[in-house]
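Index from 1, following the sequence. This is a predicted model, so every value here is computed, not measured.
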Amino acid sequence: METINIGNGPNNASRMILGCMRMPALSTEAAAKMIETAVSLGINYFDHATCYGDGEAETRFGDAIALTDVKREDLIIQSKCGLRFDKQIFDWRKQNIIESVDGILKRLKMEYIDVLLLHRPDLLYDPEQIAEAFDELEAAGKVRHFGVSNTMPMQIELLKKYVKQPLKINQLQLSLEQSQLIDQDLYMNNKTTDMSVMRDGGALDYCRLNDITIQAWSPLQHGMFKGMFIDNPEFPEMNKVLGELAEQYGVTKAAIAIAWILRHPAKMQVIAGTMNPTHLAEMAESDRIELTHEEWYRLYLSSGKFLP
C-alpha cells in the first residue's frame, strides 16, 4: 500500500484509511480480524468519531486490538469530535473538545491519538476556545496532530489566526458520482446547470495551496448517504465502464472507483468504510492501478457529467 507523508502531520500514512463507523455491528473477534486484515494489506490508518455508534465503534476497536499482535505504535489512530447526536447540535466548545478526547482515549484504551479532527462546522464556534483546547491536549500528550472535516477555506483561515498547531487534514465528500469537490470550475461559465455553483469556497485548491491532505469519505456512494452506485441500476453507463475497466485491470468495480480518486494529483487519502475483510482486500487493489488520463475522463463522463 502506497503511503504519503502529511506535512507537519503523520508520516508514512497509508493512502487508504479504514473507516470504523460500522464496527459496532461486528463482534470483538470479527473486529480484531478486520484490524489484522487492514494491517496485512498495508493499511495503517484508522478513522473514528465520537458519534459512531455513540462511542461504541471506539470501544469495539479498543477491545479488538487487544486480541491482535498489532503494535499501537505502528498505527495512525484518528478520531473526530463535535457532532452531538445526543443533543442534536454541533459543538466545538472547549469543554466538549477536552471531554470528548478523554472519552475517546478511555474507549480506545490508549494514552494518545495521532489525529483529532473537528467534526463538521459548529455554527457558533469560537476559534479562541478551540485554540485553548488544542493547546491543552497537545501539552498533555493526548493528541499529536489536528485537522478538520467538511470545513470551508475561510473557516480554516479564521481557525489558523488563533490555533498554533498546523491544521493538516480536511475530510470531504468525494466519489465518482459526487464529484463537485473537483469539477465546479469546469462549469463556471455555464448558467444552464447548477454544477457551476461553488458550494465549498474552493476547498480543493485551498487545501492543495496550504498542504492540507484531503480525506475522501463515501468514495462509493451517490448523493448524501443514498447508497452505493456499484451495480446500482440507476447508473447503467457508469457500471458498464467500471465493469470494462475492472475486467481490463483484473480487479473489482469498487477498486476502479477508488483508483479514480487516487489518480487525482492532489494526493488524497480514501476512507474505506467496509467491515468485510474480503471487500477491503478487493478495494485495496486500487493501490496498484494508475488510470490513464483518457480512462479517468471516460469514467467521469460515464457518471452523467458532460464537458462544456
Side-chain angles (χ1 to χ4, degrees), residues 1-2 14-22 25 34 37-38 41 43 47 171-187 190 192-197 199-200 204 214-308:
M1 174 67 61
E2 182 184 358
S14 56
R15 291 198 69 190
M16 181 168 285
I17 297 170
L18 182 63
C20 298
M21 182 174 70
R22 298 179 176 87
M34 198 67 213
T37 299
L41 295 168
I43 299 170
D47 177 68
Q171 257 186 33
L172 299 165
Q173 185 178 18
L174 176 63
S175 74
L176 184 55
E177 194 275 334
Q178 285 288 297
S179 58
Q180 59 271 17
L181 175 67
I182 65 174
D183 64 6
Q184 296 166 103
D185 293 347
L186 191 62
Y187 306 95
N190 193 331
T192 68
T193 173
D194 67 0
M195 288 191 290
S196 63
V197 178
R199 296 181 170 88
D200 63 10
L204 173 68
I214 292 173
Q215 295 178 347
W217 57 267
S218 290
L220 304 178
Q221 300 284 318
H222 68 97
M224 193 169 186
F225 309 118
K226 287 185 177 181
M228 290 180 58
F229 54 73
I230 302 292
D231 294 327
N232 187 323
E234 293 184 34
F235 304 97
E237 182 61 22
M238 186 195 303
N239 277 284
K240 175 179 176 291
V241 177
L242 284 169
E244 291 174 356
L245 290 172
E247 183 176 359
Q248 174 185 322
Y249 283 98
V251 297
T252 62
K253 292 180 181 178
I256 295 295
I258 291 174
W260 183 83
I261 297 173
L262 295 177
R263 176 64 176 80
H264 196 280
K267 292 290 183 182
M268 304 178 198
Q269 292 176 290
V270 174
I271 302 173
T274 183
M275 285 292 115
N276 183 310
T278 300
H279 290 169
L280 183 64
E282 292 171 347
M283 294 165 75
E285 288 290 298
S286 60
D287 184 60
R288 67 177 179 83
I289 298 166
E290 183 167 351
L291 298 170
T292 67
H293 210 82
E294 291 77 12
E295 288 167 345
W296 190 93
Y297 271 102
R298 185 183 175 205
L299 279 165
Y300 177 75
L301 293 174
S302 76
S303 68
K305 312 298 192 313
F306 62 91
L307 299 183

Between E244 and K240, is there a side-chain N and carboxylate O pair less than 4.0 Å apart?
-> yes
Yes or no on side chain to side chain contact (heavy atoms under 4.5 Å, CB included) for V251 and R288, after CA distance, side-chain angles and deciding distance?
-> CA-CA 10 Å; V251 297; R288 67 177 179 83; 3.2 Å; yes
Return the [atom1] to [atom2] distance between [X] and [Y], rounded to the nearest 0.5 Å.
| X | Y | atom1 | atom2 | answer |
| --- | --- | --- | --- | --- |
| H293 | E290 | NE2 | CD | 12.0 Å |
| L174 | I182 | CG | CD1 | 5.5 Å |
| R263 | W296 | CZ | CH2 | 9.0 Å |
| M228 | S175 | CE | OG | 10.5 Å |

Verdict with supporting geometry, Y300 and L186, side chain to side chain contact (heavy atoms under 4.5 Å, CB included) | CA-CA 12 Å; Y300 177 75; L186 191 62; 3.8 Å; yes
Can you confirm whether [X] sits close enough to [Y] that some side-chain heavy atom of one is under 4.5 Å from a side-chain heavy atom of the other?
| X | Y | answer |
| --- | --- | --- |
| K253 | N239 | yes |
| L301 | R298 | no |
| W260 | S179 | yes |
| E2 | K267 | yes |
| Y187 | K305 | yes |
| L176 | L242 | yes |
| H264 | I214 | no |
| M268 | Q215 | no |

Spell out, as yes or no, whether a donor-acceptor pair under 3.5 Å connects the side chain of Q173 to the backbone of G223.
-> yes
Any donor and acceptor pair, going by atom type alone, linking the side chain of Q184 with main-chain N or O of S196 inside 3.5 Å?
-> no
Starting from the C-alpha separation in whole Å, work towards a yes-or-no answer on side chain to side chain contact (heavy atoms under 4.5 Å, CB included) for I289 and L245.
-> CA-CA 11 Å; I289 298 166; L245 290 172; over 6 Å; no
Residues in ring pair (Phe, Tyr, Trp, His ring centres under 6.0 Å) with Y249, at least two apart?
-> none
With sequence neighbours excluded, what pairs up with F235 under the ring pair (Phe, Tyr, Trp, His ring centres under 6.0 Å) test?
->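 Partners of F235 under the ring pair (Phe, Tyr, Trp, His ring centres under 6.0 Å) test: H222.
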Is the [atom1] atom of [X] crowded by more than 12 outside heavy atoms at less than 6.0 Å?
| X | atom1 | answer |
| --- | --- | --- |
| F306 | CZ | yes |
| Q248 | CD | yes |
| R22 | CZ | no |

Step by step, would you call I258 with L220 a side chain to side chain contact (heavy atoms under 4.5 Å, CB included)?
-> CA-CA 8 Å; I258 291 174; L220 304 178; 4.1 Å; yes
